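All values derive from a computational prediction rather than experimental measurement. Along the sequence shown, residues are numbered consecutively beginning with 1.
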Amino acid sequence: MTNDLIMQFGTSRFLQAHVDFFVSESLLQGLSTSKIVIVQSSNSQAGKQRLSAFNTHSTYPVKVQGIQNGEIIDDVHHIGAVELALQANDDWEKIVTLFCHRVTHVVSNTADKGFQLNTDDDASLLETHIAPKSFPAKLLVLLLARFNHSKKSIVIMPCELVVNNGDVLYDLVLNLAMEWQLPTQFTSWLEKDCVWANSLVDRIVSEAIEPIGAVTEPYALWAIEKQANLILPCQSTAIKLVDSLKDIELLKLGILNLSHTYLVDLWQKDELNGQPLSEINTVREAMEHRELRHALESVLAEEVIPILIAAELSEDVISYVESVRERFLNPFLQHKLSDIAQNHQTKVERRILPIYKKGLAILPNHALPKLKACLIANECHQTI
């Protein structure tokens, strides 16, 4: 048992196949020594079964299946990154003790509503041994306990799909500390001694393996913005330190996210250029459909890629396009178009409109008829 620990909030299949995967590989290669203590907030029966499995199994399986550099990948990795799993409400005092004595890093993936505050959480909790309900309040209570114990710095690395997630989480915790009227020495420590890392994660984890484990694709990215005093919890080729996340965010938005939504927009029609679409159900099937594939490749080549190249990104646009093409053609992945189609109009506004506006700004003489037609069809014409 090593002394240092990474405290992870969340037990999702994504974390099992992403952060936990990287930590396990790093441990196996002798590149790091810290294992993970998992904290679960849910009291659900399924959650309890997962916790029990983490605590009774030394490893769990992650199947990596797909295409990488033209080669079929179909491997099983046995992940041995987890030392202990705890339940927030049942084990809060133990969690606080570990946080004060052994934890050097915090990682989290607390789903879409994970950063939301709860009105039941207030300063009176500081006089109890009860876990707060929201993740930001839990983190605040833990940080205050650490400050009072040792004032030792810590690295906080949220993985939620929120732009500038580290900055956002810092603001939430700081504002809560001020609302609870905590000492200025503590809020100063939060700012100056704690590292709040902005990061972007990218890996499709298609299904869970029960009771613990996951099925995922070969592609994986954990992009983290550089800053002073940032120490990584593990080493992996999937971890990329960057000066700014803006270029990676724009590239992912313009190629991966836009392509998904543009394919769905075409797929929702009964036919395309006389070819029926009723038998198409997944992204891979769409990519193997001649007309759908041609339509996607055309909008990328004629409109999207020129915009991204003109933006002079620090990332290699063409190689990223190729990696996304391989991901979409993954023969193992059942990525349903109907799932992507949920909240379609909102996704058109969030994924296609920003790229269209970027094109108008940096390539004013370059026609964008396909993107414009998609926006108009989804009633985004008032904003173009």
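Side chains of Trp222 and Met157 form a contact here, defined as non-hydrogen atoms less than 4.5 Å apart. You'll find the side chain of Leu86 stays beyond 4.5 Å of the side chain of Ile38, heavy atoms only. With contacts defined as side-chain heavy-atom distances shorter than 4.5 Å, the pair Val304/Ile255 qualifies. Contact annotation: the side chain of Leu161 approaches that of Val201 to within less than 4.5 Å [non-hydrogen atoms, C-beta and beyond]. Inter-residue side-chain proximity for Arg203 and Phe21 is flagged as met; some heavy-atom pair is nearer than 4.5 Å.
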Quiz item: Yes or no on salt bridge (Lys or Arg N to Asp or Glu O under 4.0 Å) for Glu302 and Lys370, after CA distance, side-chain angles and deciding distance?
Solution: CA-CA 9 Å; Glu302 296 167 16; Lys370 295 180 174 67; 2.7 Å; yes
Quiz item: Given the rule in the side chain to side chain contact (heavy atoms under 4.5 Å, CB included) test, do Phe135 and Ser108 qualify, once you have shown the distances and angles that lead to the verdict?
Solution: CA-CA 9 Å; Phe135 169 57; Ser108 64; 3.6 Å; yes
Quiz item: Which is it for Lys240 and Glu315 under the salt bridge (Lys or Arg N to Asp or Glu O under 4.0 Å) test, yes or no, and what are the steps along the way?
Solution: CA-CA 12 Å; Lys240 185 172 184 178; Glu315 304 296 313; 2.6 Å; yes
Exercise. Dump the intermediate steps for salt bridge (Lys or Arg N to Asp or Glu O under 4.0 Å) on Asp243 and Lys226, then the final yes or no.
Key: CA-CA 6 Å; Asp243 293 324; Lys226 297 175 186 174; 3.5 Å; yes
Exercise. Test Glu210 against Arg50 for salt bridge (Lys or Arg N to Asp or Glu O under 4.0 Å), laying out the working first.
Key: CA-CA 8 Å; Glu210 299 300 338; Arg50 267 200 303 277; 5.6 Å; no
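For the atom pair CG of Asn164 and CG of Leu245, the computed distance is 7.5 Å after rounding to the nearest 0.5 Å. In this structure, CG on Leu333 lies 6.5 Å from CD on Glu217, to the nearest 0.5 angstrom.
Ring geometry for Phe186 versus Phe147: interplanar angle over 60°, hence perpendicular rather than tilted (30 to 60°).
The number of heavy-atom neighbours closer than 6.0 Å to NZ of Lys152, taken from other residues, nucleotides and ligands shown, is 12 or below. Annotation: Gln181, atom CD; neighbour count of heavy atoms from other residues, nucleotides and ligands within 6.0 Å does not exceed 12. His344 NE2: more than 12 foreign heavy atoms inside a 6.0 Å radius. A 6.0 Å sphere centred on CG of Asn229 holds no more than 12 heavy atoms belonging to other residues, nucleotides or ligands.
Aromatic rings from Tyr60 and His78 are positioned such that their centres are separated by 6.0 Å or more.
No salt bridge links Arg327 with Glu322; every basic N to acidic carboxylate O contact stays at or beyond 4.0 Å.
The side chain to side chain contact (heavy atoms under 4.5 Å, CB included) check on Arg351 picks up Leu253, Asn257, His260, Thr261, Ile340, Lys347, with sequence neighbours excluded.
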